Amino acid sequence: RLDSFEAGAAAEVSSEERDLRAAFDIICDHVGKDWRRLARQLRVSDAMIDAIEEKYPRNLTEQVRESLRVWKNIHKEDPAVSHLVRALRACQLNLVADLIEDDQQARSLESETSRGGGTGTVSLTSRDSDRPSSGVPW
């Protein structure tokens, strides 16, 4: 029992880690120059922000990624994707937050399907979708 419990806990951690990495990738691709504002919202100190800028003076993507790593290390007990989404929304970076939430939903659906949780495919098209919009019945 203990082995299966530990295996389940390890799978849970790795799933959360994968979700965080995916969120980091989205943030790095879309935040840009607003990374400082996001870092401050995530409670990264100004001194650390300055150190990050000094370490990666001409690499914006690495500045963003390093600030996220610092945040993750500060919040080792609960570095949750939901926390990142809240911080993004507080910074008015709603598009990036939406992209992360969409990615999380897709990952959730994907994992349910891979575990056999899906009951089959669902068609999103209506049977009436072939009818013209003029309302004329065929």
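Source: prediction; values computed, not measured.
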Listed pairs under 3.5 Å, donor-acceptor, residues 48-55 side chains, sequence neighbours left out:
from	atom 1	to	atom 2	distance (Å)
E53	OE2	R36	NE	2.4
E53	OE2	R36	NH2	2.8

Practice prompt. Find out whether L42 and L68 are in side-chain contact, i.e. whether some heavy atom of one side chain is under 4.5 Å from a heavy atom of the other.
Written response: yes
Residues that [X] engages under side chain to side chain contact (heavy atoms under 4.5 Å, CB included), provided they are two or more places apart:
| X | result |
| --- | --- |
| A90 | Q41 |
| D103 | A22, I26, R107 |
| D25 | R65 |
| I74 | V70 |

[atom2] on [Y] to [atom1] on [X], rounded to 0.5 Å:
| X | Y | atom1 | atom2 | answer |
| --- | --- | --- | --- | --- |
| L20 | K72 | CG | NZ | 6.0 Å |
| L93 | L84 | CG | CG | 12.0 Å |
| S108 | E101 | OG | CD | 13.0 Å |

Worksheet item: When hydrophobic residues are tied together by side-chain contacts of less than 4.5 Å, even through go-betweens, does L109 share a cluster with I100?
Response: no
Please list, chain by chain and in numerical order, all residues satisfying salt bridge (Lys or Arg N to Asp or Glu O under 4.0 Å) with [X], sequence neighbours excluded.
| X | result |
| --- | --- |
| R21 | E17 |
| D102 | none |
| R43 | none |
| D29 | none |

Worksheet item: Which residue pairs pass the ring pair (Phe, Tyr, Trp, His ring centres under 6.0 Å) test with at least one member in residues 20-40, sequence neighbours excluded?
Response: none
Worksheet item: What residue pairs, at least two apart or across chains, pass ring pair (Phe, Tyr, Trp, His ring centres under 6.0 Å) with a residue in residues 41-72?
Response: W71-H75, W71-H83
Worksheet entry | Shortest non-hydrogen separation from V64 to G32 and the atoms involved | CG2-O, 4.1 Å
Discussion item. Give me the atom names and distance for the closest heavy-atom approach of C91 to R37.
Written reply: O-NH1, 2.5 Å
Practice prompt. State which residues pass side-chain hydrogen bond (donor to acceptor under 3.5 Å, both in side chains) with E62; sequence neighbours excluded, sorted by chain then number.
Written response: none
